[in-house]
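Structure first, then comments.
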Amino acid sequence: MNRKLQIAIIGGDARYLELIKKLAGHPYYQIKLIGYDQLDPGFFSVSHTDLTQITPETLDAVILPITGINDKGEINPVFSSQSISFPEDWFARLNHQALVFTGITTAYLDEAVKKNQIKLYPLMERDDVAIYNAIPTAEGTILLAIQHMKITLHGANAIILGLGRVGLTVADKFAKLGANVWVGVRSPSDIARANTLGFDGFHLDDLAAYTEKCDLLINTIPVRIVDKRVLNTLKTDALLIDLASKPGGINFDYARDRGLNTIHALGLPARVAPKTAGEILAKVIDQLITDHQ
């Protein structure tokens with residue numbers, strides 16, 4: 001490589017501290033930080049700057065926060081007291097070969113991509129990121145269960161809804177801790193898969209038949225599964241943890257009316273293991289940049 005790639009990291013949360021550390025150590029990356037003025041300028045041995053001092057045409061990659069950019073074209077950085085506002089033509093000025101990374105896309109970014117033919121990577125929608133994040137998500141779920149349950153995980157009756165990337169890892173971890181794990185899924189092949197893995201698989205249509213003795217219900221499906229009918233069958237001391245993206249799979253309003261302890265546990269990797277979560281993001285971004293060269 002004849003030159004260093006110019007990478008702007010604009011905003012970000014605790015995960016980005018490790019991401020910056022990893023990318024800053026790359027010999028062919030030159031990192032520019034925007035929205036980190038509350039940190040010691042020498043913290044990463046990386047230059048801190050302002051969006052107005054960046055020339056978009058010179059950038060090879062832009063890393064936006066996990067939450068993307070709001071509808072007003074703004075970012076509210078965690079490590080700065082000042083919001084960052086993008087000029088209307090900022091994305092139009094980017095080199096068409098530049099890569100833009102975000103956690104999730106937003107209406108603002110969707111419009112920018114459409115108008116300016118930008119290569120946008122919503123990292124949280126990628127299989128590799130989800131698979132890597134399954135471990136810290138499972139560990140965070142275990143932590144929540146220990147903190148909020150009145151019994152041990154060993155011997156507890158746990159229902160896991162979904163056997164995807166997260167559901168499979170969560171079910172495996174709770175089973176290894178001695179919980180009795182039942183897995184609710186849709187397809188006969190997933191029921192067979194759950195059974196061959198040592199869990200008790202059942203069809204989601206039969207969920208209400210399993211919840212009466214449930215101590216812990218963990219949902220990973222982003223569709224309303226746990227409705228009033230199901231909630232009425234749960235014990236009052238049962239714990240419900242929803243790992244699915246908004247709006248989740250649980251009728252939270254009705255669960256609160258019933259007095260059930262319900263947690264919508266979004267962004268667990270960032271909360272329980274920001275260093276690991278940052279390493280994951282750095283690894284995936286580095287690979288995507290390398291593949292693009």
Side-chain angles (χ1 to χ4, degrees), residues 9-23 35-36 38-39 63-71 74-80 83-84 100-109 120-148 160-162 164-171 173-174 216-226 239-250 252 255-256 261-285:
I9 301 178
I10 307 174
D13 56 25
R15 285 169 282 195
Y16 279 47
L17 300 182
E18 189 64 23
L19 180 152
I20 293 165
K21 178 181 175 182
K22 293 294 183 184
L23 295 184
Y36 289 85
Q38 290 182 347
L39 297 181
I63 302 175
L64 301 171
I66 295 299
T67 52
I69 303 176
N70 69 23
D71 291 345
E74 295 175 343
I75 289 172
N76 294 306
V78 172
F79 299 106
S80 175
S83 65
I84 298 170
V100 179
F101 301 96
T102 183
I104 59 173
T105 189
T106 62
Y108 183 95
L109 284 171
L120 179 70
Y121 291 95
L123 296 171
M124 294 301 148
E125 297 176 13
R126 292 180 57 86
D127 280 345
D128 49 1
V129 173
I131 291 168
Y132 286 133
N133 273 331
I135 293 295
T137 297
E139 292 186 1
T141 307
I142 292 168
L143 175 63
L144 289 174
I146 292 172
Q147 288 175 331
H148 294 274
I160 316 296
L161 302 183
R165 297 160 304 202
V166 173
L168 176 60
T169 304
V170 171
K173 297 299 182 187
F174 275 85
L216 172 66
L217 187 148
I218 301 169
N219 176 61
T220 70
I221 304 171
V223 176
R224 179 65 63 83
I225 301 291
V226 187
L239 174 65
L240 291 77
I241 301 176
D242 201 333
L243 302 177
S245 56
K246 291 182 179 179
I250 297 173
F252 292 103
R256 281 191 292 270
N261 190 358
T262 308
I263 303 169
H264 199 179
L266 298 173
L268 275 181
R271 289 162 53 188
V272 302
K275 184 175 187 292
T276 299
E279 290 173 347
I280 290 167
L281 293 174
K283 180 187 297 184
V284 173
I285 289 172

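Surrounding OH of Y132 are at most 12 heavy atoms belonging to other residues, nucleotides or ligands under 6.0 Å away.
Of the possible donor and acceptor atoms, none in the side chain of H148 sits under 3.5 Å from a partner among the backbone N and O of T262. At least one donor-acceptor pair closer than 3.5 Å links the side chain of Y36 to the backbone N or O of G11. Side chain of T220 to main chain of L161: a donor-acceptor pair is present (N/O by atom type, distance under 3.5 Å, no hydrogens or angles). Proximity of a side-chain donor or acceptor of R224 to a complementary backbone N or O of P247 within less than 3.5 Å is not detected. A distance-only check finds no donor-acceptor pair linking the side chain of T67 to the backbone of I104 [under 3.5 Å]. Between the side chain of D242 and the backbone N or O of G248 there is no donor-acceptor pair closer than 3.5 Å. Judged by distance alone, the side chain of T137 and the main-chain N or O of L268 form no donor-acceptor pair under 3.5 Å.
The two residues T169 and A138 have their closest heavy-atom pair at CG2-CB, 3.9 Å. For the residue pair A145 and L216, the shortest heavy atom distance occurs at CB-CD2, 4.2 Å. Residues G249 and A244 come closest through the heavy atom pair N-CB, 4.4 Å. Nearest approach of L266 to S245, heavy atoms of both residues: CD2-CA, 4.0 Å. Residue I63 comes nearest to Y16 through the heavy atom pair CG2-CE2, 3.8 Å, listed as atom of the first residue, atom of the second, then distance. Nearest heavy-atom pair across P77 and G35 is CB-O, 3.5 Å.
How far CG of L240 is from CD1 of I263: 9.0 Å, rounded to the nearest 0.5 Å. The CD1 atom of I69 lies 11.5 Å from the CG atom of N76; values are rounded to the nearest 0.5 Å. Taking CD1 of I218 as the reference point, atom CG of L239 lies at 8.0 Å (rounded to 0.5 Å). Expressed to the nearest 0.5 Å, how far OG1 of T102 lies from CG of L109 amounts to 5.5 Å. To the nearest 0.5 angstrom, L123 atom CG is 11.5 Å from I280 atom CD1. How far CD1 of I250 is from CG of L217: 6.0 Å, rounded to the nearest 0.5 Å.
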- Task: Tell me, with the steps shown, if K22 and I285 meet side-chain contact (heavy atoms from CB on, under 4.5 Å).
- Result: CA-CA 11 Å; K22 293 294 183 184; I285 289 172; over 6 Å; no
- Task: Check the pair F174, T141 against side-chain contact (heavy atoms from CB on, under 4.5 Å), reporting the backbone distance first and the verdict last.
- Result: CA-CA 9 Å; F174 275 85; T141 307; 3.9 Å; yes
- Message: Could you go through V78 and Q38, starting from their C-alpha distance and side-chain angles, then the distance that decides it, and tell me whether this counts as side-chain contact (heavy atoms from CB on, under 4.5 Å)?
- Response: CA-CA 9 Å; V78 172; Q38 290 182 347; over 6 Å; no
- Task: Begin from the C-alpha positions of L39 and L17 and carry the test side-chain contact (heavy atoms from CB on, under 4.5 Å) through to its verdict.
- Result: CA-CA 10 Å; L39 297 181; L17 300 182; 3.7 Å; yes
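When side chains are defined from C-beta on, L281 counts as touching I66, because their heavy atoms get closer than 4.5 Å. Counting heavy atoms from C-beta outward, R165 and D128 have side chains that stay 4.5 Å or more apart.
With sequence neighbours excluded, no residue forms a side chain to side chain donor-acceptor pair (under 3.5 Å) with D71.
Between E279 and K283, no side-chain nitrogen of the basic residue sits less than 4.0 Å from a carboxylate oxygen of the acidic one, so the salt-bridge criterion is not met.
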